[in-house]
Colleague: 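The structure's right below; bear with me while I get my questions together.
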2 protein chains.
Amino acid sequence: MSRKTFQRLALDERRQSLMEATLTCVARHGLDGTTVRRITEEAGVTPGLVRHYFGSKDELIKNAYAYLIGQLTARASESADTDEDELPAAQQLRQFLLGNLTSPNLSEDKVSLWATFIGQIRHDPFFAEIHREGYREFLEFLERLVEGVLIDHGLPHRGPQCRRHAIAINGLIDGLWMEGSLNSGLYNRALLPGLAIEATERLLGLPTRALGTAGLAPHATAPQLQEEDAKCAMPE
Amino acid sequence: MSRKTFQRLALDERRQSLMEATLTCVARHGLDGTTVRRITEEAGVTPGLVRHYFGSKDELIKNAYAYLIGQLTARASESADTDEDELPAAQQLRQFLLGNLTSPNLSEDKVSLWATFIGQIRHDPFFAEIHREGYREFLEFLERLVEGVLIDHGLPHRGPQCRRHAIAINGLIDGLWMEGSLNSGLYNRALLPGLAIEATERLLGLPTRALGTAGLAPHATAPQLQEEDAKCAMPE
DNA sequence: CTCACTGTTATACGCACGAATAATATATGG
DNA sequence: CCATATATTATTCGTGCGTATAACAGTGAG
């Protein structure tokens with residue numbers, strides 16, 4: 001029997017590939033069901049590498065979680081900053097909402113991973129810390145967007161008020177993101193972006209359409225709701 | 001060495017005690033880390049009983065999940081129906097919000113359990129079905145409350161509109177429930193009920209205070225915010 | 001071209017797990 | 001008060017896990 005041929009990879013590539021394989025496994029099989037053997041098989045290597053790069057399975061999983069949260073929050077903020085960074089505040093907030101409630105962040109895999117790890121927060125401070133940090137970043141980013149919008153509309157924007165609004169909108173996003181990603185089939189996911197935008201306008205006391213039309217494109221009026229699975233669409 | 005003495009329990013008592021021990025273990029140690037040996041130790045019996053009552057560990061865990069969801073949704077609906085059932089709709093909605101954002105439903109254990117099991121939805125249709133059912137029940141209950149409130153205030157209350165409102169408020173509740181239960185220390189949990197009530201008024205387009213004061217007691221004006229851990233309170 | 005380095009594989013070990021089986025204690029009906 | 005049923009315990013078994021160790025192979029330096 002001949003030995004397996006292999007390629008030497010740069011340290012970071014290998015680490016990243018192992019973390020991604022880990023996330024794939026957790027999403028596919030849950031934390032139980034995620035074994036070193038399965039992870040390394042997914043990554044196309046042998047189990048020894050986990051020890052070599054991360055010391056232990058636990059350490060690998062923790063790193064994978066931090067990696068996931070980094071991806072999620074980065075993607076969320078980018079969606080608001082993406083264009084040559086002086087969009088009006090309302091447009092930024094709109095993009096932020098859209099970014100969180102459309103693919104790729106609105107994904108069954110992502111929410112499944114996220115939930116699985118949330119379940120670990122209770123018994124390992126490392127997970128708690130990563131979560132707390134990601135949440136804080138998310139909330140503060142949102143708070144700044146809210147402040148900008150309120151200022152533009154000449155509405156009261158003292159600190160505590162912005163914070164309260166940010167907490168509420170953050171809750172709204174999280175909740176819609178979760179239920180939308182899990183997609184129980186009770187309504188069409190494509191409704192979520194418009195729904196979130198409208199709800200946010202109301203929460204902030206903005207005039208209707210202040211954050212743009214209910215359609216997906218920033219300046220289009222024609223609602224082009226493309227969606228891969230349009231099953232179980234809600235009427236209206 | 002003498003054999004362990006034991007008590008014969010009625011079938012349902014034993015089943016329930018095993019399911020509760022399972023939930024305790026999952027909350028404390030995660031799904032991995034929840035072993036038959038630990039569950040039965042927690043319940044004060046020996047591992048054989050799992051086989052006897054549930055056939056397998058998997059089956060026990062599934063039953064425990066269904067049991068948990070039953071508790072959560074029951075408690076949520078009860079909080080609105082509790083009094084001799086003809087409270088005005090606004091008060092019912094208010095109680096519903098409060099019920100979901102105060103103890104015992106607002107609990108780190110509960111959200112930890114909930115998240116852990118959400119992570120299973122993806123790979124086992126049983127969990128998906130239980131979740132879907134619980135979510136549907138929650139959403140429809142909320143939709144009826146919303147409809148009642150809109151009617152009382154003479155606002156438009158066609159079906160799709162109520163549904164949209166219910167989806168948004170449900171998202172808000174879920175998101176606040178999660179983040180509040182995890183309590184990242186970024187704000188005081190005691191703020192959540194008032195925040196949710198105010199946000200709901202805005203989402204539905206109700207006049208301020210239509211759902212009652214920001215305090216906890218239904219008819220009191222003095223805000224009596226008792227909270228066990230008032231650490232990290234937010235200013236204002 | 002060769003050597004040393006180390007990323008990578010192959011193999012082995014001990015342990016804890018879920019499940020199965022056999023033995024025993026409790027409850028119940030006559 | 002005994003006979004029977006069965007809830008419960010005690011013990012065993014096979015398996016798959018995480019990890020440790022040793023052998024090997026790809027890589028770059030001189």
Side-chain angles (χ1 to χ4, degrees), chain A residues 1-26 28-65 116 120 123-124 126-127, chain B residues 1-26 28-65 116 120 123-124 126-127:
Chain A
M1 186 64 186
S2 77
R3 205 178 169 89
K4 181 177 175 186
T5 66
F6 61 89
Q7 212 185 350
R8 282 171 106 99
L9 240 55
L11 186 141
D12 283 346
E13 289 178 72
R14 184 95 315 152
R15 283 179 61 90
Q16 183 173 337
S17 121
L18 281 169
M19 291 188 292
E20 277 167 1
T22 302
L23 295 180
T24 302
C25 277
V26 174
R28 204 175 293 164
H29 305 108
L31 253 185
D32 58 325
T34 292
T35 68
V36 170
R37 286 166 172 85
R38 256 213 267 251
I39 293 171
T40 52
E41 183 188 8
E42 174 73 27
V45 295
T46 50
L49 280 200
V50 167
R51 177 175 165 77
H52 191 269
Y53 281 100
F54 295 91
S56 74
K57 179 198 180 188
D58 266 9
E59 216 55 37
L60 166 57
I61 289 183
K62 287 178 183 174
N63 278 273
Y65 176 54
T116 300
Q120 297 296 306
H123 15 28
D124 189 325
F126 178 88
F127 289 96
Chain B
M1 188 67 185
S2 78
R3 204 181 170 89
K4 182 178 175 184
T5 65
F6 62 89
Q7 210 185 352
R8 283 169 106 101
L9 241 56
L11 187 138
D12 283 346
E13 289 179 72
R14 184 100 305 157
R15 283 179 62 91
Q16 183 173 337
S17 120
L18 281 170
M19 290 189 293
E20 279 167 359
T22 303
L23 295 181
T24 301
C25 278
V26 174
R28 204 175 293 164
H29 309 288
L31 253 185
D32 58 324
T34 293
T35 67
V36 170
R37 285 167 172 86
R38 257 213 267 252
I39 294 171
T40 52
E41 184 188 7
E42 173 72 27
V45 296
T46 49
L49 280 200
V50 167
R51 177 176 165 78
H52 191 267
Y53 280 101
F54 295 90
S56 74
K57 179 197 179 188
D58 266 9
E59 217 55 37
L60 166 56
I61 288 182
K62 287 179 183 174
N63 278 273
Y65 176 54
T116 299
Q120 298 295 306
H123 15 16
D124 190 324
F126 178 87
F127 288 95

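Here the structure is a predicted model, which is why all the values come from computation and not from measurement. Throughout, protein chains are lettered first and strands after them, A, B, ... in sequence-line order, and every chain is numbered starting at 1.
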Colleague: What pairs of nitrogen or oxygen atoms, one from the protein and one from nucleotides 15-19 of chain C, lie under 3.5 Å apart?
Modeller:
from: C/dG18; atom 1: OP1; to: B/Lys57; atom 2: NZ; distance (Å): 2.6
from: C/dG18; atom 1: OP2; to: B/Val36; atom 2: N; distance (Å): 2.8
from: C/dG18; atom 1: N7; to: B/Arg37; atom 2: NH1; distance (Å): 2.8
from: C/dG18; atom 1: O6; to: B/Arg37; atom 2: NH2; distance (Å): 3.1
from: C/dA19; atom 1: OP2; to: B/Lys57; atom 2: N; distance (Å): 3.0

Colleague: For the pair made of CZ in B/Arg14 and C1' in D/dA7, what is the distance, rounded to whole Å?
Modeller: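 So the CZ-C1' distance, B/Arg14 to D/dA7, works out to 9 Å.
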Colleague: B/Ser17: what forms a side chain to side chain contact (heavy atoms under 4.5 Å, CB included) with it, not counting sequence neighbours?
Modeller: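 Result, side chain to side chain contact (heavy atoms under 4.5 Å, CB included) vs B/Ser17: B/Ala43.
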Colleague: Would you mind reading off the distance between B/Asp12 atom CG and D/dA7 atom C1', rounded to a whole angstrom?
Modeller: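 Atom CG in B/Asp12 sits about 15 Å away from atom C1' in D/dA7.
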Colleague: Excluding sequence neighbours, so at least two apart, what forms side-chain hydrogen bond (donor to acceptor under 3.5 Å, both in side chains) with B/Gln16?
Modeller: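 Partners of B/Gln16 by the side-chain hydrogen bond (donor to acceptor under 3.5 Å, both in side chains) criterion, ordered by chain and then number, come out as B/Glu20, B/Tyr67.
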Colleague: Distance check needed: D/dC24 P versus A/Leu49 CG, whole Å only.
Modeller: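 Those two atoms, CG and P, are 18 Å apart.
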Colleague: Expressed as a whole number of angstroms, how long is the span from B/Glu13:CD to D/dT8:P?
Modeller: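 Going from B/Glu13 (CD) to D/dT8 (P), I get 10 Å.
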Colleague: Sequence neighbours left out, what passes salt bridge (Lys or Arg N to Asp or Glu O under 4.0 Å) with B/Arg28? Give chain and number order.
Modeller: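 For B/Arg28, the residues satisfying salt bridge (Lys or Arg N to Asp or Glu O under 4.0 Å) (neighbours in sequence not counted) are B/Glu42.
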Colleague: How long is the line joining CZ of A/Phe54 and P of C/dG7, in whole Å?
Modeller: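 Answer to the nearest Å: 13 Å.
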Colleague: Enumerate donor-acceptor pairs with a distance under 3.5 Å from any side-chain N or O in residues 54-61 of chain A to protein atoms, sequence neighbours excluded.
Modeller:
from: A/Ser56; atom 1: OG; to: A/Glu59; atom 2: N; distance (Å): 3.3
from: A/Lys57; atom 1: NZ; to: A/Thr34; atom 2: O; distance (Å): 2.9

Colleague: Report the distance from atom NE2 of A/His29 to atom P of D/dC17, rounded to the nearest whole Å.
Modeller: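 Distance, rounded to whole Å: 11 Å.
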Colleague: Where the side chain of B/His52 is concerned, which of C/dG7, D/dT6, C/dT9 is the nearest nucleotide?
Modeller: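 Nearest listed nucleotide: D/dT6.
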Colleague: What's the CG-P distance between A/Leu31 and D/dG18, to the nearest Å?
Modeller: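 Answer to the nearest Å: 11 Å.
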Colleague: Please name the pair of heavy atoms, one in B/His123 and one in A/Gly30, separated by the smallest distance, quoted to 0.1 Å.
Modeller: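 Heavy-atom minimum between the residues: NE2-N, 2.7 Å.
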Colleague: Given atom CG of A/Leu60 and atom P of D/dT19, what is their separation to the nearest angstrom?
Modeller: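 Spelled out: CG on A/Leu60 to P on D/dT19 is 10 Å.
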Colleague: Excluding sequence neighbours, so at least two apart, what forms salt bridge (Lys or Arg N to Asp or Glu O under 4.0 Å) with A/Asp32?
Modeller: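 A/Asp32: no salt bridge (Lys or Arg N to Asp or Glu O under 4.0 Å) contacts found.
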